[in-house]
Undergrad: 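First the structure, which I've put down as structure tokens, then a few questions once you've had a look.
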Amino acid sequence: MTKRKRRSSEEGWASPTLAEWGLTGGQQRLLVGVGSVAAVLAAALLLTFLVNAIAGGEPAPTEAPPDTLGKARPDLYQAWPSLKEFAPIADRKADGAPLTAQEVFGVRTLTVGKVSLKRIGGRLDPSCADAVWGAELADLLAKAGCTQALRGLYSTADGAYVAQYTMLNLAGVQGANGLVESLKTLHSGGWVLPLDPVRAGFGGYSESSGQAMGHYAGLVWVARADGAEPREKDDFVMLGLAAREAEKAIYRRVVAVAGLPAVPAQPGADTAQPSEPAPSETTISP
């Protein structure tokens with residue numbers, strides 16, 4: 001019986017292709033072994049990813065913050081802290097009744113001197129994050145205990161100027177002061193959203209200011225309707241003062257909490273406001 005010649009280990013790992021590359025049988029075996037180990041490691045890694053995905057062991061990657069380019073924001077911003085006159089409402093615990101759209105924007109026309117602003121619309125958002133853009137600003141409002149954001153949009157009779165007033169209901173005066181102060185730099189990366197981007201998108205030049213009033217913060221935003229920079233005849237200061245007439249709602253709250261007597265009307269003064277249907281609690285139409 002003829003014994004079969006036993007193949008050597010070199011022949012067992014022979015590969016024509018690898019041989020053409022000049023690799024001996026031992027070198028080929030080593031290469032295949034390394035490849036097998038790599039394949040096992042790759043399979044193990046894939047299995048680990050699958051298990052983590054099913055079990056939730058690996059947190060999902062966070063999305064990048066949205067691009068702030070093109071977002072409407074003021075070119076100029078000023079801020080003032082709360083005055084001592086607002087001390088009775090420094091904490092929301094002393095002034096717990098929620099604001100209403102009618103309370104803040106119920107007056108149809110706001111007038112200071114020769115400047116008159118007619119209300120275009122108003123809105124109350126119970127979620128302050130829905131009224132602003134910018135993650136940092138939304139986070140700041142959440143930390144300050146913001147529970148309401150009210151926005152009112154106004155225009156002059158000739159349509160040449162627009163103004164938006166925003167009232168934010170915060171937990172306390174510290175948060176209100178901190179907010180208006182932080183917006184000195186934060187306004188370039190986060191601001192309130194235009195109430196009606198079609199009528200007033202604030203896409204051009206605009207100016208703004210922030211005023212803390214106890215646990216409230218009021219933001220005024222004014223601009224030319226055409227978005228151009230102000231000219232010599234454009235009085236943005238008076239526009240801002242006219243828009244701040246909406247803050248009389250906060251003055252009335254100070255009186256209600258502190259129990260101060262209301263200022264009597266002067267003889268012959270016409271204090272009546274134009275009659276209009278009562279708006280809803282969340283929106284006001286022209």
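In this chain, residues are counted from 1 in sequence order.
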Undergrad: Who pairs with F236 by ring-ring contact (aromatic ring centres under 6.0 Å, His included), at least two apart in sequence or on another chain?
TA: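 Applying ring-ring contact (aromatic ring centres under 6.0 Å, His included) to F236 gives none.
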Undergrad: Is there side-chain contact between R253 and L99, with heavy atoms separated by less than 4.5 Å?
TA: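 In contact.
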Undergrad: Could you pull out all residues at least two apart from S127 that satisfy side-chain hydrogen bond (donor to acceptor under 3.5 Å, both in side chains)?
TA: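 S127 satisfies side-chain hydrogen bond (donor to acceptor under 3.5 Å, both in side chains) with no residue once adjacent residues are dropped.
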Undergrad: So how far is it from T111 OG1 to M238 CE, rounded to the nearest 0.5 Å?
TA: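 One gets 10.0 Å once the value is rounded to the nearest 0.5 Å.
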Undergrad: According to disulfide bond (SG atoms under 2.5 Å apart), does anything in residues 137-231 pair up with another residue at least two apart or in another chain? List the pairs.
TA: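 Checked against disulfide bond (SG atoms under 2.5 Å apart) - neighbours excluded - the pairs reaching residues 137-231 are C128-C146.
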Undergrad: Could you tell me whether F202 and W191 have their ring centroids closer than 6.0 angstrom?
TA: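 Between F202 and W191, the centre distance exceeds or equals 6.0 Å.
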Undergrad: Please answer: with hydrophobic residues joined when any side-chain heavy atoms are less than 4.5 Å apart, are L241 and L76 in the same cluster?
TA: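 Per the 4.5 Å side-chain linkage, L241 and L76 are co-clustered.
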Undergrad: Go through the structure and list residues passing salt bridge (Lys or Arg N to Asp or Glu O under 4.0 Å) with D235, not counting sequence neighbours.
TA: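 D235: no salt bridge (Lys or Arg N to Asp or Glu O under 4.0 Å) contacts found.
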Undergrad: For Y205, check side-chain hydrogen bond (donor to acceptor under 3.5 Å, both in side chains) against everything at least two apart and list the hits.
TA: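 Here the qualifying residues are E207.
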Undergrad: Which residue pairs pass the disulfide bond (SG atoms under 2.5 Å apart) test when at least one of the two sits in residues 211-255, sequence neighbours left out?
TA: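 The answer is none; no pair qualifies.
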Undergrad: Verify the distance criterion only: is there a donor paired with an acceptor across the side chains of R224 and S206 at less than 3.5 Å?
TA: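 Side-chain D/A pair, R224 to S206: absent.
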Undergrad: Y216: which residues meet the ring-ring contact (aromatic ring centres under 6.0 Å, His included) condition with it, sequence neighbours left out?
TA: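 With neighbours one apart ignored, the set is empty.
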Undergrad: Would you indicate whether the side-chain heavy atoms of V222 and V162 approach each other to under 4.5 Å?
TA: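 Of all side-chain heavy-atom pairs linking V222 with V162, none is under 4.5 Å.
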Undergrad: Excluding sequence neighbours, so at least two apart, what forms side-chain hydrogen bond (donor to acceptor under 3.5 Å, both in side chains) with D130?
TA: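 None.
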Undergrad: Are the side chains of I250 and F86 in contact, using a 4.5 Å heavy-atom criterion?
TA: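 Yes. Closest side-chain heavy atoms under 4.5 Å.
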Undergrad: Using a strict threshold of under 4.0 Å (side-chain N to carboxylate O), is an ion pair present between R252 and E103?
TA: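 The answer is no: the pair does not qualify as a salt bridge.
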Undergrad: When you group the ILVMFWY residues by side-chain heavy-atom contacts below 4.5 Å and let the links chain together, are L83 and V257 in the same group?
TA: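 Cluster IDs for V257 and L83 match.
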Undergrad: Any side-chain to backbone donor/acceptor pair from R119 onto F105? Under 3.5 Å, distance only.
TA: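 It does hold such a pair.
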Undergrad: So T156 and K118, do their side chains get closer than 4.5 Å, heavy atoms only?
TA: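 No. Closest side-chain heavy atoms not under 4.5 Å.
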Undergrad: Could you note down all residue pairs passing disulfide bond (SG atoms under 2.5 Å apart) where residues 166-245 supplies at least one of them, sequence neighbours left out?
TA: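 Listed once each, the pairs would be none.
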Undergrad: Tell me, please, which residues at least two apart from E245 pass side-chain hydrogen bond (donor to acceptor under 3.5 Å, both in side chains).
TA: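 Counting only residues at least two positions away or on another chain, E245 forms a side-chain hydrogen bond (donor to acceptor under 3.5 Å, both in side chains) with K248.
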Undergrad: Out of curiosity, does V237 fall in the hydrophobic cluster containing Y154 (side-chain heavy atoms, cut-off under 4.5 Å, transitive links)?
TA: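 In one cluster with Y154: V237, yes.
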Undergrad: Less than 3.5 Å apart, which donor and acceptor atoms pair up between the side chains of residues 165-180 and the rest of the protein, not counting sequence neighbours?
TA:
| unit_1 | atom_1 | unit_2 | atom_2 | d |
| --- | --- | --- | --- | --- |
| Y165 | OH | E247 | OE2 | 2.9 |
| N169 | OD1 | R92 | NH1 | 3.4 |
| N169 | OD1 | H215 | ND1 | 3.2 |
| N169 | ND2 | Q148 | OE1 | 2.9 |
| N177 | OD1 | S82 | N | 2.9 |

Undergrad: Surrounding CD of E136 (heavy atoms of other residues, nucleotides or ligands, distance under 6.0 Å), is the total greater than 12?
TA: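 Result for CD/E136: open.
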Undergrad: Give, for atom CG of D125 and atom CG of L150, the distance between the pair rounded to the nearest 0.5 Å.
TA: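 That separation rounds to 8.0 Å.
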Undergrad: Run the salt bridge (Lys or Arg N to Asp or Glu O under 4.0 Å) test against D75 and tell me which residues pass, sequence neighbours left out.
TA: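 For D75 there are no salt bridge (Lys or Arg N to Asp or Glu O under 4.0 Å) partners, ignoring immediate neighbours.
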